[in-house]
Each structure stands twice: as structure tokens, then as C-alpha cells.
Amino acid sequence: MHLMIMGPPGAGKGTQAERIAKEFSLLHISTGDIFRNAIKEGTETGKKAKEYMDKGALVPDEIVIEVVRDRLSKPDCASGVLLDGFPRTLEQAEALDDVLNDLGMVFDAVINVDVNEEELLNRLTGRRVCRNCGTTYHIKFNPPKVRTICDHCGGELYQRSDDTIDTVKERLVVYKKQTFPMMEFYQRKGIFENFDGARDIDEVFQDIKAYLEKKKEK
Ligand code: ADP
Ligand code: AMP
């Protein structure tokens with residue numbers, strides 16, 4: 001199965017993606033994670049991406065599209081991927097169609113997680129991420145057992161530099177302007193499914209899981 005997960009920043013895409021990928025044995029590919037790793041490694045792509053990410057802006061389409069083309073071409077993608085955070089513009093969605101055509105890959109479903117803006121602000125400003133394994137926590141809604149330490153690997157938890165209130169607000173503006181209108185592209189293809197993300201993490205997951213199990217049977 002090849003899937004995409006969409007929704008505004010903070011909707012819970014990464015949180016759900018982790019669970020979906022495990023349940024359905026998919027490779028979780030997050031463009032945000034790819035860029036954060038590139039920044040950590042000090043690559044040219046990382047340096048360019050950082051300029052935009054720090055402002056809450058989108059990384060230019062041509063950079064993101066190349067990164068995704070490259071990643072999807074690797075053999076480990078053949079048995080199933082879950083794309084998280086891509087596409088985010090209509091140009092990216094159209095370019096992805098070309099990439100998929102070239103690779104002979106077909107996407108089965110787009111999972112859209114919907115959450116209101118006030119809740120998104122609360123979620124993003126309280127998010128903490130493991131520096132080592134990338135697991136995501138929330139200081140109130142999904143806290144680790146020890147405040148600054150990852151339950152899974154003992155790594156240090158940190159706050160993303162773009163999770164400050166001003167950058168978060170800018171990211172939400174960018175989402176409304178550039179990403180939200182793009183979803184129509186997938187609605188028209190008939191592979192788009194909406195989920196209410198303003199519920200408990202497990203409740204959202206059970207709903208997505210039930211939908212995907214039905215989809216798999218077809
Ligand atoms: P995204 O990948 O969409 O930006 P994340 O999965 O990183 O979002 O979630 C953003 C923050 O909200 C994290 O701190 C996460 O722990 C928390 N979170 C995710 N889903 C829920 C939920 N259903 N209820 C409460 N908090 C959540
Ligand atoms: P995320 O981890 O999905 O919240 O993404 C963090 C940041 O990475 C975004 O605010 C963008 O600056 C950049 N980014 C991630 N994915 C994309 C994309 N598909 N297009 C443009 N920029 C992206």
C-alpha cells in the first residue's frame with residue numbers, strides 16, 4: 001500500500017504516521033525529517049532548506065521535488081510507503097504524479113487529519129521531539145515518563161526551533177494559503193479521506209486503521 005498523510009502543522013500527521021507505518025509495514029517518509037537530518041549533517045540541501053524552515057516558509061518546490069524523487073526511487077520504497085508532509089503545493093502534487101508515472105507507482109489513499117487552529121497552537125508549542133530516534137511527545141497531551149528523556153531510546157528531547165509561537169502562526173498562514181487549496185487535487189481523484197484529528201491519539205488511529213483495513217480488502 002502507498003499512502004499520503006496530510007493536514008495542517010500540528011494535526012498529528014507524524015504521530016499517526018508512526019503508528020500507521022508500524023501497523024501496515026510501510027516506510028514512513030517525512031520531508032520535514034529529511035530536511036532536519038540534512039541540516040544536522042550540514043549538507044548543501046540542508047543549508048538551503050534551513051533558510052526557509054526558520055521563517056516558517058515552505059522550502060522551494062524544485063528542491064523538495066528532487067529530494068522526494070530521489071527517495072522514492074530507492075528499492076526500499078517498492079513494498080509500501082507513507083508520505084508525510086509532501087506534497088504541500090499544487091506544483092508538488094503535479095510533479096509527484098510525474099514521478100509516480102516514471103516509477104510505475106500508484107497511491108491508494110490520502111488521509112487528511114483535520115484539527116482547529118486553537119488546538120494546533122497548543123499542540124505545536126508543547127511538542128517535544130527525541131533528538132536520537134525522532135519520536136514525538138507533547139508536554140501535556142502525550143508526555144514522556146521523564147520530562148526530558150525519550151521513553152523508547154533514552155535520547156534527549158528538544159523543542160523544534162520552528163515550534164515557537166511566531167513561527168507556528170506563520171506556518172499556519174502558509175498552510176492556508178499554499179497547502180489547503182492543493183487538497184482539491186486529491187479530492188477530485190477520489191482517493192481523499194477526511195479524519196477528525198481533534199480527538200484522543202488512539203481514537204484517531206483506530207478510525208484510520210479501520211478505514212485502511214477496509215481499503216486493503218478491496
Ligand atoms: P504534525 O506531524 O502534523 O506536525 P505531530 O504528530 O508532530 O504533528 O503532533 C503535534 C503535537 O501534538 C505533538 O506534540 C503530538 O504529541 C501532539 N498530538 C498529536 N496528536 C494528538 C492528539 N490526537 N491529541 C493531542 N495531542 C496530539
Ligand atoms: P514538518 O516537519 O512537516 O512540519 O515540516 C517542517 C518544515 O520543513 C516546513 O515548515 C517547511 O519549511 C519544510 N518542508 C517540509 N516538507 C515540505 C514540503 N513538502 N514543501 C516545502 N517545504 C517543506
Side-chain angles (χ1 to χ4, degrees), residues 4-21 28-39 45-46 48-69 71-72 82-96 99 111-116 118-130 134-144 150-151 157-164 166-175 177-179 182 195-208:
M4 293 178 216
I5 186 158
M6 287 181 188
K13 299 183 294 295
T15 302
Q16 295 299 332
E18 225 175 85
R19 289 162 172 75
I20 298 165
H28 176 201
I29 300 177
S30 148
T31 42
D33 284 349
I34 291 177
F35 289 132
R36 279 183 290 278
N37 282 333
I39 292 172
T45 301
K48 273 190 232 153
K50 188 174 182 344
E51 278 175 47
Y52 299 91
M53 290 168 79
D54 282 349
K55 290 188 288 200
L58 293 183
V59 176
D61 288 336
E62 57 276 17
I63 299 178
V64 195
I65 291 162
E66 257 335 282
V67 161
V68 172
R69 177 183 284 279
R71 187 64 194 88
L72 288 179
L82 172 53
L83 260 187
D84 165 8
F86 181 92
R88 261 170 150 113
T89 63
L90 184 60
E91 289 68 24
Q92 291 180 16
E94 286 167 349
L96 178 62
V99 172
I111 294 157
N112 186 57
V113 187
D114 195 24
V115 174
N116 67 64
E118 193 189 330
E119 175 72 8
L120 293 173
L121 281 173
N122 289 333
R123 287 191 186 179
L124 289 167
T125 50
R127 172 160 62 187
R128 298 293 181 271
V129 184
C130 175
T135 300
T136 300
Y137 297 88
H138 189 282
I139 49 171
K140 273 199 214 133
F141 308 141
N142 183 24
C150 178
D151 291 351
L157 302 185
Y158 79 106
Q159 181 169 28
R160 273 170 50 174
S161 58
D162 59 349
D163 278 347
T164 55
D166 288 341
T167 314
V168 162
K169 284 187 177 161
E170 177 57 21
R171 285 160 62 205
L172 294 176
V173 170
V174 165
Y175 171 78
K177 218 158 75 185
Q178 295 180 263
T179 306
M182 178 268 309
F195 293 87
D196 174 12
R199 295 174 293 164
D200 186 75
I201 293 175
D202 200 50
E203 240 177 278
V204 180
F205 175 63
Q206 291 308 329
D207 218 7
I208 297 175

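Read the numbers this way: they start at 1 and go in the same order the structure lists the ligands and their atoms. Heavy atoms only: backbone and side chains are in, while hydrogens, waters and symmetry mates are out.
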The option among Gly32, Ala49, Ala57 carrying the non-hydrogen atom nearest to atom 10 (O) of ligand 2 is Ala57
Among Arg88, Arg171, Lys13, Lys55, which one puts a heavy atom closest to atom 1 (P) of ligand 2?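 Nearest heavy atom to atom 1 (P) of ligand 2 lies in Arg88.
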Side-chain donor or acceptor of [X] paired with backbone N/O of [Y] under 3.5 Å:
{"X": "Arg171", "Y": "Asp162", "result": "yes"}
{"X": "Gln92", "Y": "Arg88", "result": "yes"}
{"X": "Lys13", "Y": "Gly7", "result": "yes"}
{"X": "Gln16", "Y": "Ile201", "result": "yes"}
{"X": "Lys140", "Y": "Arg123", "result": "no"}
{"X": "Gln159", "Y": "Thr125", "result": "yes"}

Closest approach of any protein heavy atom to [atom], naming residue and atom:
{"atom": "atom 16 (N) of ligand 2", "value": "Thr31 OG1, 2.7 Å"}
{"atom": "atom 22 (N) of ligand 2", "value": "Val59 N, 3.0 Å"}
{"atom": "atom 20 (N) of ligand 2", "value": "Gln92 NE2, 2.9 Å"}
{"atom": "atom 8 (O) of ligand 2", "value": "Met53 CE, 3.4 Å"}
{"atom": "atom 6 (C) of ligand 2", "value": "Arg160 NH2, 3.5 Å"}

Report yes if some N/O of Gly85 lies less than 3.5 Å from some N/O of ligand 2; otherwise report no.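 Yes - when backbone and side-chain N and O of Gly85 are compared with those of ligand 2, one distance drops under 3.5 Å.
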Residues 49-57 side chain polar contacts: donor-acceptor under 3.5 Å, at least two apart:
residue	atom	partner	partner atom	Å
Lys50	NZ	Asp54	OD2	2.7

salt_bridge(Asp33, Arg36) N-O dist < 4.0 Å: yes
Output the distance between atom CG (Asp84) and atom OG1 (Thr31), rounded to the nearest 0.5 Å.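 Interatomic distance, Asp84 CG to Thr31 OG1, rounded to 0.5 Å: 7.0 Å.
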Give the numbers and elements of all ligand 2 atoms closer than 4.0 Å to a heavy atom of Arg36. 2 (O), 6 (C)
In ligand 2, which numbered atoms sit nearer than 4.0 Å to a non-hydrogen atom of Val64?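 The list of qualifying atoms is 18 (C), 19 (N), 20 (N), 21 (C).
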Only counting residues at least two apart or in another chain, list the ones meeting ring-ring contact (aromatic ring centres under 6.0 Å, His included) with Tyr158.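 Once residues adjacent in sequence are excluded, Tyr158 has no partner under the ring-ring contact (aromatic ring centres under 6.0 Å, His included) criterion.
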Across all chains, not counting sequence neighbours, the ring-ring contact (aromatic ring centres under 6.0 Å, His included) partners of His138 are Phe141
I'd like the residue list for ligand 1, meaning every protein residue with a non-hydrogen atom under 4.0 Å from the ligand. Pro8, Pro9, Gly10, Ala11, Gly12, Lys13, Gly14, Thr15, Arg123, Arg127, Thr136, Tyr137, His138, Phe141, Asn142, Gly197, Arg199, Asp200, Ile201
